[in-house]
Each structure stands twice: as C-alpha cells, then as structure tokens.
Participant: 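One structure follows; several queries about it will come next.
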Amino acid sequence: MTDQLDLTDLATAVPPQPGHLVFATVSGAHLYGFPSRDSDVDLRGAHLLPIADLVGLHEPDETTTRMWERDGVEMDLVTHDLRKFVRLMLRRNGYVLEQLLSPLVVATTEAHAELVSLAPGVLTRHHAHHYRGFARTQWRLFEKTGELKPLLYTFRALLTGIHVMRSGEVEAHLPTLLGHVRAPGYVPELIAAKSEAEHGSAVGLDEARVRTDVEALHAALDASQDRTELPDEPSAFTALSRLVTRTRMENDPDITMEVLRRVRRGTEGTPLTGALTVQRAEETY
C-alpha cells in the first residue's frame with residue numbers, strides 16, 4: 001500500500017470501539033512519508049469510556065487494540081480513553097502529539113478539533129528528550145538488523161525533534177522535514193529504497209559516514225533545545241482537564257438518560273452542573 005490512502009474507505013473499515021470514538025488517524029510509515037508496498041496501516045486515536053467504567057472498584061481497560069486484514073493489508077487500531085490520551089500528551093510524549101496532529105484523519109469530532117487547538121500548549125523544551133531517546137533506540141535497532149526502516153526512523157525522529165525545538169510545530173513527515181532541516185543528501189534515496197520492501201536492507205551504505213551524520217543531527221538537536229523558546233512546563237493543563245470532563249459528560253449515555261428523566265419529571269433539584277442534577281442535602285441522608 002502506498003502513502004496515497006483512501007481515507008474515506010479506511011473510515012468504513014474502523015471497527016466499533018468500547019465507547020464513543022473521539023478520533024482516529026493514520027500513523028506509522030504512512031504518516032512519516034516512507035511506506036512500503038507491503039506496509040500495514042497503523043491507526044491511532046482516542047475513545048470515551050462510560051463514566052460508570054471509571055468510578056467503580058474495577059480498573060478500567062483504558063487502551064483498546066484491534067487487528068484485522070482488509071484487502072490483503074494488515075491493519076491495526078489502538079485507541080486510549082480520552083483521559084489517558086490527554087495525560088500522555090502532558091507527559092512530553094511526542095508520539096501521541098503526532099497521532100493527534102496527523103493530517104491523515106479517518107474519524108474526527110469537535111473534541112478532536114479542540115484537542116488539536118490545545119496541542120501547542122503542551123509542547124515544552126523537554127520534548128527533545130523524547131525524540132533523542134527514540135532516535136537512539138532506532139539506531140541500535142539499525143545496527144542490529146541493518147534494515148532501512150529503523151535508519152529512516154532514526155533520521156525522522158531527529159529531524160522532527162529539531163524542527164519542534166526551532167519552530168514549536170510538530171511535523172512528522174520526513175520528505176517535508178527535508179525542506180525545513182538540513183539533512184544528509186542521501187536520505188531521499190533511502191526513502192525510495194524503503195518503498196520497495198518494508199524490511200529491506202540498507203545495502204551499500206557507508207556506515208561510518210551515516211554514523212557521523214546521525215551524531216551531527218544529535219548535536220543539532222542538543223543545540224536547538226538549548227536555544228528553543230519553548231517553555232519548561234505545559235500551559236494547557238487546565239483547558240485540557242475541562243475538555244476531558246465536558247466531553248465525557250456530554251457524551252455519556254447514562255447521564256443523557258438521567259437528564260431526560262429529570263426534564264420529563266420536572267425535578268426540583270439544584271441546577272444542572274455539567275449534565276447532572278446535584279440532589280438536595282436532605283435527600284442524601
């Protein structure tokens with residue numbers, strides 16, 4: 001499958017989630033701009049668990065994974081409950097921000113759009129650690145396997161990290177990044193070679209030169225972090241917390257039914273807060 005995905009067709013292939021689906025986007029090699037003919041399709045997103053699943057004694061399953069095959073292509077969908085997803089956003093996790101901001105949107109809602117608008121408020125200078133660590137992990141994998149895929153992941157992570165530090169924008173698409181950040185001139189050739197096979201080998205590369213280039217990009221990331229204007233702490237915590245609460249209250253079927261029952265009965269409780277009526281104290285005892 002190429003990077004030219006039929007997003008409308010993908011939308012019909014998304015299986016039902018345990019709760020309301022907030023969004024689903026394409027991640028992985030298609031988002032990064034170097035899919036292979038035999039690449040699978042990675043879908044990522046967020047869903048809403050019912051409030052009843054969160055307030056009892058049982059620990060809720062906040063992450064759901066679905067895997068299936070469609071027209072010979074392997075597909076997987078991983079979504080987190082909205083609260084968990086937002087907590088990951090606030091933990092300097094560049095991976096979830098890339099999922100949120102992916103332009104390859106399969107399913108969306110107003111809550112998704114609001115999350116996107118709040119994303120700049122979670123970026124900090126410490127996101128450099130995420131990209132630095134991911135690049136090192138992928139480089140070790142390249143040294144072990146000699147495959148193009150982890151090498152391209154290494155370059156992609158470093159270039160994204162540098163671009164985030166310099167611009168405050170998350171850009172995950174490697175071909176686009178090549179227009180923003182200076183990179184080795186052979187990277188487009190690696191992308192073209194990777195398109196032929198998901199696990200193709202990096203044949204004919206001068207590994208010493210590649211190592212030097214990777215080390216230079218690490219140095220550029222360090223320097224960019226030192227000079228960045230990004231803050232030390234996220235500024236969107238309160239707005240994100242309100243979004244999680246409001247979105248859950250507005251979309252929970254049990255709360256919706258409770259509101260309808262009270263409207264029909266003409267209940268004389270205290271005013272609705274969010275979507276629930278708080279009972280008078282004497283009714284509680």
Participant: Checking the side chain of Arg125 only, and the main-chain atoms of Glu233 only, is there a donor and an acceptor separated by less than 3.5 Å?
Facilitator: no
Participant: Is the side chain of Thr160 donor-acceptor paired with the backbone N or O of Ala157 at a distance under 3.5 Å, no angle test?
Facilitator: no
Participant: Does the pair Arg211/Glu143 count as a salt bridge with the N-to-O cut at 4.0 Å?
Facilitator: yes
Participant: Under the side-chain contact (heavy atoms from CB on, under 4.5 Å) criterion, do Leu151 and Leu205 qualify, and how do the steps go?
Facilitator: CA-CA 11 Å; Leu151 180 57; Leu205 278 180; 3.5 Å; yes
Participant: Between Arg70 and Asp40, does a salt bridge (Lys or Arg N to Asp or Glu O under 4.0 Å) hold up when you go through it step by step?
Facilitator: CA-CA 10 Å; Arg70 180 180 175 86; Asp40 56 6; over 6 Å; no
Participant: Do Asn251 and Thr109 make a side-chain contact, defined as non-hydrogen atoms from C-beta onward lying under 4.5 Å apart?
Facilitator: no
Participant: Which side chain to side chain donor-acceptor pair (under 3.5 Å) pairs, counting each pair once, include a residue from residues 176-191, with sequence neighbours left out?
Facilitator: His173-Thr176, Tyr186-Asp213
Participant: Can you give me the closest heavy-atom contact between Ser27 and Arg44, atom names plus distance?
Facilitator: CB-CG, 3.8 Å
Participant: Working to the nearest 0.5 Å, report the span between CG of Leu48 and NE2 of His80.
Facilitator: 14.0 Å
Participant: Set out, in order, the CA-CA distance, both residues' side-chain angles and the distance that settles side-chain contact (heavy atoms from CB on, under 4.5 Å) for Asp42 and Val26, then state yes or no.
Facilitator: CA-CA 6 Å; Asp42 301 319; Val26 178; 6.0 Å; no
Participant: Would you find a donor on one side and an acceptor on the other, under 3.5 Å apart, between the side chain of Thr79 and the backbone of Gly45?
Facilitator: no
Participant: Does the Ser117 side chain pair with the main chain of Glu114, one donor and one acceptor, at a distance under 3.5 Å?
Facilitator: yes
Participant: Would you kindly confirm whether Val105 and Leu77 end up in one hydrophobic cluster when ILVMFWY residues are joined by side chain heavy atoms under 4.5 Å apart?
Facilitator: no
Participant: Spell out, as yes or no, whether a donor-acceptor pair under 3.5 Å connects the side chain of Ser102 to the backbone of Glu98.
Facilitator: no
Participant: Do Ser224 and Arg166 have side-chain atoms, one donor and one acceptor, less than 3.5 Å apart?
Facilitator: yes
Participant: Say whether Leu141 and Val214 are linked into one hydrophobic cluster, either directly or through other cluster members, by side-chain heavy-atom distances under 4.5 angstrom.
Facilitator: no
Participant: Taking the ring centre of each residue, are His127 and His130 less than 6.0 Å apart?
Facilitator: no
Participant: Looking only at atom types and distance, does a side-chain atom of Ser241 sit under 3.5 Å from a main-chain N or O of Phe237, one as donor and one as acceptor?
Facilitator: no
Participant: Return yes when atom CD of Glu59 has more than 12 non-hydrogen atoms of other residues, nucleotides or ligands closer than 6.0 Å, and no otherwise.
Facilitator: no
Participant: If you round to the nearest 0.5 Å, how far is CE of Met165 from CD of Glu229?
Facilitator: 12.0 Å
Participant: What about Val73 and Met67, same hydrophobic cluster or not, with Ile/Leu/Val/Met/Phe/Trp/Tyr joined at side-chain heavy-atom distances under 4.5 Å?
Facilitator: no
Participant: In Å, rounded to the nearest 0.5 Å, how long is the span from CG of Leu178 to CZ of Phe155?
Facilitator: 10.0 Å
Participant: Can you see whether Arg132 engages Gln225 through a side-chain donor-acceptor pair at a distance of less than 3.5 angstrom?
Facilitator: yes
Participant: Search all heavy atoms of Ala192 against all heavy atoms of Ser195 and return the closest pair with its distance.
Facilitator: O-OG, 2.5 Å
Participant: With side-chain contact (heavy atoms from CB on, under 4.5 Å) as the test, would you mind laying out the steps for Gln99 and Leu31 before giving the verdict?
Facilitator: CA-CA 9 Å; Gln99 297 167 10; Leu31 171 61; over 6 Å; no
Participant: Grab the two heavy atoms, one from Lys194 and one from Ala29, that are nearest each other, plus how far apart they are.
Facilitator: NZ-CB, 4.3 Å
Participant: Under a 4.5 Å cut-off applied to non-hydrogen side-chain atoms, are Leu148 and Ser201 in contact?
Facilitator: no
Participant: Counting C-beta onward and ignoring hydrogens, is there a side-chain heavy-atom pair between Leu174 and Leu152 closer than 4.5 Å?
Facilitator: yes
Participant: To the nearest 0.5 Å, what is the distance between CD (Glu250) and OG1 (Thr245)?
Facilitator: 10.5 Å
Participant: Tell me whether the centres of the aromatic rings in Phe23 and Phe85 are closer together than 6.0 Å.
Facilitator: yes
Participant: When you compare the side chain of Leu43 with that of Thr25, does any pair of heavy atoms fall below 4.5 Å?
Facilitator: no
Participant: Walk me through it: do Ile51 and Val55 pass the test side-chain contact (heavy atoms from CB on, under 4.5 Å)?
Facilitator: CA-CA 7 Å; Ile51 290 177; Val55 297; 4.0 Å; yes
Participant: Relative to each other, are the rings of Phe142 and Trp139 parallel, tilted or perpendicular (30° and 60° limits)?
Facilitator: tilted
Participant: For Ala119 and Met89, which heavy atoms make the closest approach, and how far apart are they?
Facilitator: CA-CE, 4.5 Å
Participant: Going from CG on Leu88 to CD on Glu62, what distance comes out if it is rounded to the nearest 0.5 angstrom?
Facilitator: 9.0 Å
Participant: Centroid-to-centroid, Tyr153 to Phe34, below 6.0 Å?
Facilitator: yes
Participant: Count I, L, V, M, F, W, Y as connected when their side-chain heavy atoms are under 4.5 Å apart, and connections chain through other members. Are Val86 and Leu243 then in the same cluster?
Facilitator: yes
Participant: Just wondering, do Val122 and Leu97 contact through their side chains at under 4.5 Å, heavy atoms?
Facilitator: yes
Participant: Check whether any side-chain N or O of Ser36 sits under 3.5 Å from a backbone N or O of Ser39 as a donor-acceptor pair, and report yes or no.
Facilitator: no
Participant: Decide yes or no for Ile162 and Leu177: does some side-chain heavy atom of the first lie under 4.5 Å from some side-chain heavy atom of the second?
Facilitator: no
Participant: With clusters defined by side-chain heavy atoms of hydrophobic residues (ILVMFWY) lying less than 4.5 Å apart, directly or transitively, does Leu118 cluster with Leu101?
Facilitator: yes
Participant: In Å, rounded to the nearest 0.5 Å, how long is the span from NE2 of His126 to OG1 of Thr228?
Facilitator: 10.5 Å
Participant: Would you say the side-chain atoms of Asp53 pair up with the backbone N or O of Leu49, donor to acceptor, closer than 3.5 Å?
Facilitator: no
Participant: So which heavy atom on Leu21 is nearest to which on Ala46, and how close?
Facilitator: CD1-O, 3.5 Å
Participant: Might you point out which heavy atoms bring Gly33 and Ile191 nearest each other, and give the distance in Å?
Facilitator: O-CG2, 3.7 Å
Participant: Side-chain contact, heavy-atom cut-off 4.5 Å: Glu169 with Val164?
Facilitator: no
Participant: Are Leu115 and Leu240 close enough that some pair of their side-chain heavy atoms sits under 4.5 Å apart?
Facilitator: yes
Participant: Near Arg246 CZ, under 6.0 Å, is it more than 12 heavy atoms from other residues, nucleotides or ligands?
Facilitator: yes
